[in-house]
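Predicted, not measured: the structure shown is a model, and the values here were computed from it. By convention here, the first residue in the shown sequence is residue 1.
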Amino acid sequence: PAEASGSIVKRVIGLRTGFELGLVNGIPYVRYNTSRGTEQALTAPVALNANEWTHLAAVWNPAIRTLMLVINGNSAVKREFAANELDYLPADGTSVFTMAAPASAADGWKGDIVIDEVRIWTTNRTMAQLDDARRELVQAGTPNLFRDFRFDDGGLTIEDFAHPGWRNAELYAIPAARWGARMGNN
């Protein structure tokens with residue numbers, strides 16, 4: 001993954017990044033823009049190991065003014081915003097999410113990168129919660145689970161497992177044709 005660059009999950013609000021978790025040359029980062037347009041970012045000190053399953057998480061905790069980038073549930077890069085810092089809150093508003101977007105659409109993802117699952121929560125998660133749940137499937141209806149996209153079910157859509165079921169497919173499933181996937185032996 002040393003060459004892998006792109007956005008794993010990104011929330012865009014107008015012209016601002018409300019949240020982005022991604023890789024630059026295999027090095028994880030999290031970043032966002034404030035409502036004033038200032039970029040706040042954290043970058044891991046090292047690149048991900050090749051051929052190794054890795055859990056990445058980012059947590060914004062407004063109550064304690066902290067942004068964390070968490071690797072494998074127990075290693076974190078953390079930024080605490082001081083009480084006198086005023087331009088630190090992430091931009092907010094109506095947004096659009098993108099997932100698995102390479103840095104260059106023409107080149108695609110470089111390196112051997114496979115995204116297994118993307119979870120988005122409406123509340124901050126503790127290090128213990130992240131570590132406990134990183135290798136488990138989260139049940140539909142789990143409190144504060146906003147989205148849970150799994151990419152290993154073999155289907156023709158990216159289904160939101162936070163809202164599973166045939167009645168929700170029209171609202172929450174993303175057809176393969178919309179995300180450019182090749183299915184079967186293509």
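- Shortest non-hydrogen contact noted between Ala100 and Ile115 is CB-CD1, 3.7 Å.
- When the side chains of ILVMFWY residues are joined at heavy-atom separations under 4.5 Å, either directly or via intervening members, Val12 and Val9 end up in two distinct hydrophobic clusters.
- Residues Thr43 and Ile27 are in side-chain contact: their nearest non-hydrogen atoms beyond the backbone lie under 4.5 Å apart.
- Summarising the geometry of Pro90 relative to Gly18, their closest heavy-atom pair is CB-O, 3.9 Å, with the distance given to 0.1 Å.
- Two residues are said to be in side-chain contact when any heavy atoms from C-beta on lie closer than 4.5 Å; Phe146 and Phe97 meet this criterion.
- Using a 4.5 Å heavy-atom threshold, the side chains of Trp60 and Val30 count as separate.
- The distance from atom CD1 of Ile120 to atom CG of Asp148, rounded to the nearest 0.5 Å, is 9.5 Å.
- Annotation: side chain of Ile71 is in contact with side chain of Pro28 (closest heavy-atom distance under 4.5 Å).
- Arg11 pairs with exactly one of Thr17, Asp92, Thr98 by the side-chain hydrogen bond (donor to acceptor under 3.5 Å, both in side chains) rule, that one being Asp92.
- A donor-acceptor pair shorter than 3.5 Å can be found between the side chains of Thr34 and Asp87.
- One distance of note links CG of Asn74 with CG of Asp131; it measures 6.0 Å at 0.5 Å rounding.
- The CG atom of Leu69 sits 11.0 Å away from the OH atom of Tyr29 when rounded to the nearest 0.5 Å.
- Arg65 forms no cation-pi arrangement with Phe81, by the criterion of a distance under 6.0 Å to the ring centre and an angle within 45° of the ring axis.
- A donor and an acceptor atom, one from each side chain of Glu20 and Ser7, are located under 3.5 Å apart.
- With rounding to the nearest 0.5 Å, the separation of CG in Asn33 from CG in Leu89 is 13.0 Å.
- Residues Tyr32 and Leu67 meet the side-chain proximity criterion, which asks for heavy atoms closer than 4.5 Å.
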Quiz prompt | salt bridge (charged side-chain N to carboxylate O under 4.0 Å, His left out) between Glu80 and Lys78, intermediate numbers included | solution = CA-CA 7 Å; Glu80 293 182 36; Lys78 185 161 101 171; 3.6 Å; yes
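- Within the 4.5 Å cutoff, no side-chain heavy atoms of Gln129 are placed close to those of Trp121.
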Practice problem: Apply side chain to side chain contact (heavy atoms under 4.5 Å, CB included) to Lys10 and Phe19, showing your working. | Solution: CA-CA 6 Å; Lys10 182 176 184 178; Phe19 171 87; over 6 Å; no
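- In this structure, Glu117 pairs ionically with Arg119, as a charged nitrogen and a carboxylate oxygen lie closer than 4.0 Å.
- No more than 12 heavy atoms of other residues, nucleotides or ligands sit less than 6.0 Å from atom CD of Gln139.
- The two residues Met127 and Ser75 come nearest to each other via the heavy atoms CE-N, 4.1 Å.
- Annotation: side chain of Arg31 is not in contact with side chain of Leu42 (no heavy-atom distance under 4.5 Å).
- Gln40 and Arg79 are linked by a side-chain donor-acceptor pair at a separation below 3.5 angstrom, with hydrogens and angles left out of the test.
- One hydrophobic cluster, built from ILVMFWY side chains closer than 4.5 Å, holds both Leu23 and Val77.
- The distance from atom CG of Asn25 to atom OG of Ser5, rounded to the nearest 0.5 Å, is 4.0 Å.
- In this structure, Glu136 contributes its side chain and Ala133 its backbone to no donor-acceptor pair below 3.5 Å.
- Distance alone, capped at 3.5 Å, is enough to place a donor-acceptor pair between the Thr66 side chain and the Ile64 backbone.
- Listed for the Asn72 side chain is a donor-acceptor partner under 3.5 Å among the backbone atoms of His55.
- For the side-chain contact (heavy atoms from CB on, under 4.5 Å) criterion with Arg125, the lone passing option out of Asp132, Asn61, Leu130, Val70 is Leu130.
- Here the side chains of Ile8 and Leu56 are in contact, with some heavy-atom distance below 4.5 Å.
- Of all heavy-atom pairs between Ala91 and Ile13, the closest is O-CD1, 3.1 Å.
- Separating the OG atom in Ser104 from the CH2 atom in Trp109 is a distance of 11.5 Å, to the nearest 0.5 Å.
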Quiz item: Hey, mind stepping through Phe161 and Leu145 against side chain to side chain contact (heavy atoms under 4.5 Å, CB included) and telling me if it holds?
Solution: CA-CA 10 Å; Phe161 282 79; Leu145 182 62; over 6 Å; no
